[in-house]
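Bear in mind the structure is a predicted one, so any value in this text is a computation, not a measurement. Chain letters run A, B, ... following the sequence lines, proteins first and then strands; every chain starts at 1.
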Amino acid sequence: MKEKLKAFSFLAPALLIYIIIIVFPGIYSVVLSFFEWNGVSEKRFVGLANYVKLFTNDVIFRIALKNNIIWIVLTVCITVVLALILALVLNEKFTGRIVYRSIFYFPYMLSWIVIGIIWKWMYNPNFGMINTFLGAVGLDSLKGSYLSNPKIALYCIFAAALWQGLGQPMLYFLAGLQTMSSDVLEAARIDGAGKINLFIRIIVPMLKETFVIVLATQIIASMKVYDIIYVMTDSGPANATQTLATYMYNQTFSYNNLGMGSTVATIMVIIMMFIIVPYVIFSTKED
Amino acid sequence: MKKRILACILALTMTASLLTGCGSDAGNADSSAKPEAAADTAQEPEEAEPVAEPEQEADSGNEDQADGEKFDKEVTLTFWSPTWHKDADEQVIADFAKLYPNIKIEATFYSTDDIKTNTKVAASSGTLPDMWYNWGGFNFANYYASADLCYDLTAYAQENGWEDKYLKSALDLCTLDGKVIALPQVYTGLVMWYRTDILEQYGLEVPKTFEELENICEVLKENGQASFSTGGWHIFRYLEALLEYYAGPEEHDALNTLEADWASSEAVAQAFAKLKEWGDKGYFIDGYVTEDANNAKMYVFGGTSAMVMDNSGMASDVVANGYDTSQYSFFAFPTGKDGNTGRISSYVKTTQFNKNLTDDQFEAAMIFWDYYYSEESLKSHPSIEQPTAIAGAELSEAMQLADGMLEMIDAAGSYTTTDQDVPNEIMDVVFATEEAVLLGTIEPSAAGAEIQKAIDAYKAASK
């Protein structure tokens, strides 16, 4: 009992801060989603009207939701897979692997704003590196205003995000790989497991906990993607790169619709729960 | 089982942190200039910087001490100002402190986005500063006035002759329903800045009519030269001028006040069609749809584009960046017909005051702003943003390129820059629609209907 009290007393300050900074604003945000409020007037209770309006009568919200789903799929299929491949390669012993690890991790240390500015300049149709390079190698037909094309703008931003975002999951996977017992891998090899079998039957199952962390953090980050879009296209052209986070910001601070902004935030959380909670339950089932 | 529950709780916790997005630190300065107001200029965002109280020097002259003795109450005023005012504000505050040691001005500086966001957050939480910088119009100054959060300056303005002191159009933009809701600071308009050397190179003269302007664009295009520099929301500056040209003052005003129907307006369709035509003909720089609006001037500085629609700030940018001032000048976008210049889009930047100021605080605030824009202060602080809204004020040396702009606006007449006066949710639809038209996903003739839909939805929600 004394031990428990001691533990609680150590945790209490952090818990208090957490409640004040995270829990209370979170709950308050959910409450606000049931109101119409411009931030300074009297709040007006509207029940589920904000939710109904978003799903039935808001084209931009639907574009934003679709873009977030695309971003999540791209993250899971490309970022996570590439990060795993990189981690596997960089876990091998070869000269200069520390340097390579640093090179791949370095972009992660930069802020989204910096990444956005760098890539925006690279994509610049007039002075950008990409068009200049294409011109230099004779591929003038491929030159273009990439970020101005609504069909590919989101994917162009994702390419920039990928460059930045590989470092963190790669590091997690690398950490997971390095905690693996070499005896198990050695035993599998002695038993005749080839590289593919070793990867599918031994490495992936043993990285299960790492996968939980990587997928959870990556999906949450995908749902919150904001800064890089804000810098590179500001949700344009013609809302083609609008996401839930940018739309939430606009509703809250640009249009003074705090109720609607909170509704978008709440929907983001609900979507996250639908994706992550079943995944966590499923992946920890055997434990 | 315990492990599963713990894992679920951790996942939920991480997810729940999303919710705090709405209420999170609004002062996060990790943002670039928000294209919310076309009326704004390119300014580098910086983090909020509380300013140390200016040192009060003991060697003030007798005259200065006498000024200070006129105000013998101890007053502190908190003030939120944009980062691009930092140099000027700090100098003025320091010099003011020598004159009025009893009045302490505590300034905090925010980037363009942050000052807009933070004042709104402060308004909703009842923590507004005593004075805050703001833009005029519906989305900005009027927001605080409508919520009865700012000081009614009407009586003070009448008693102190603001009608003579400030430019009429600037003061009008600070007036809502007959009440003066803000102190006008800067008054400027959107004109066409051009490279004199480029026009000379092709034997072109400053256009006086719309047709002449189009002729210039055609000649420049034939010579592989972009005419107009723009980007993102900045494109609207051209559309706004086209709307003024096709609709004329009366209909344009009715469109901006949301009284006229955008869907059925012939002028709206014509303006969008012309914008699309200019886009298709390559009159704008490459990649203009998503180019950063703040980079628009850069293409003119670099000679990639011959013209850019911008405000008076262009003058100081030319000087500050060391460009040859003889290569730059401006003209009014010809929005009139029958040889008239036509009205010019203009806007005001202001300071608003907290409704809860005490009498002493208000008096001190007025003393401060009288000093800020006094002849003496404008002379000794050339970094004060110009052109000021003070009638007859002289421009600083760095702003000489803009000399004559206010007179030109006065002579031609003006209308409030649209995005200062039209609600943001409608403006965002206008921006998106113009991009869709330029990209060919919406016909110019259908653009008005898209915007009208947003206006109808806004009106319905406002009821």
(message) With side chain to side chain contact (heavy atoms under 4.5 Å, CB included) as the criterion, how do B:Y144 and A:V40 come out once you've worked through the C-alpha distance, each side chain's angles and the decisive distance to 0.1 Å?
(response) CA-CA 8 Å; B:Y144 301 92; A:V40 289; 5.8 Å; no

(message) Aromatic contact between A:Y255 and B:Y458, with the criterion being ring centroids under 6.0 Å apart: yes or no?
(response)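 Not close enough - the centres of the two rings lie 6.0 Å or further apart.
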
Is it the case that over 12 heavy atoms from other parts of the model lie below 6.0 angstrom from the [atom1] atom of [X]?
X: A:K66; atom1: NZ; value: no
X: A:F133; atom1: CZ; value: no
X: A:K143; atom1: NZ; value: yes
X: A:Y155; atom1: OH; value: no
X: B:K355; atom1: NZ; value: no

(message) Just so I understand: if I count every heavy-atom pair under 4.5 Å between each of B:L439, B:T441, B:D148, B:I442 and chain A, which residue has the most?
(response)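 Winner by heavy-atom pair count: B:L439.
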
(request) Might you point out which heavy atoms bring B:A432 and A:A238 nearest each other, and give the distance in Å? (result)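 Residues B:A432 and A:A238, closest heavy atoms: O-CB, 3.5 Å.
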
(request) Would you mind reporting whether A:W37 and B:S124 have side-chain heavy atoms less than 4.5 Å apart? (result)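 Counting from C-beta outward, B:S124 and A:W37 do come under 4.5 Å.
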
(request) Could you tell me which portion of A:E36 (side chain, backbone, both or neither) has an atom closer than 4.5 angstrom to a non-hydrogen atom of chain B? (result)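 For A:E36, the contact with chain B is made by the side chain alone.
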
(request) Counting only heavy atoms closer than 4.5 Å, note whether A:Y28 contacts chain B via side chain, backbone, both or neither. (result)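 Answer is neither: A:Y28 stays 4.5 Å or more from chain B.
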
(message) With a 4.5 angstrom heavy-atom cut-off, is it the side chain or the backbone of B:E291 that approaches chain A, or both, or neither?
(response)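 Its backbone and side chain both get close to chain A.
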
(request) Please flag which part of B:Y299 lies under 4.5 Å from any non-hydrogen atom of chain A: side chain, backbone, both or neither. (result)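 Just its side chain gets close to chain A.
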
(message) Taking B:D286's backbone N and O only, do any of them form a donor-acceptor pair with A:N126's side chain (distance below 3.5 Å, no angle check)?
(response)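 Confirmed, A:N126 side chain pairs with B:D286 backbone.
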
First locate atom [atom1] of [X], then atom [atom2] of [Y], and finally report the distance between them rounded to the nearest 0.5 Å.
X: A:S148; Y: B:E435; atom1: OG; atom2: CD; result: 8.5 Å
X: B:N424; Y: A:F253; atom1: CG; atom2: CZ; result: 13.5 Å
X: A:W121; Y: B:D292; atom1: CH2; atom2: CG; result: 8.0 Å
X: A:D234; Y: B:W233; atom1: CG; atom2: CH2; result: 10.5 Å

(request) Under 4.5 Å, counting heavy-atom pairs only, tell me which of A:T241, A:T233, A:N256 racks up the most with chain B. (result)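 It is A:N256.
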
(request) Between chain B and each of A:N257, A:N239, A:N57, A:N124, count heavy-atom pairs under 4.5 Å; write down the option with the most. (result)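 So the answer, after comparing A:N257, A:N239, A:N57, A:N124, is A:N124.
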
(request) Please check if any side-chain donor atom of B:T290 sits under 3.5 Å from a side-chain acceptor atom of A:Y146, or the reverse. (result)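 Not at all, the side chains of B:T290 and A:Y146 share no donor-acceptor pair under 3.5 Å.
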
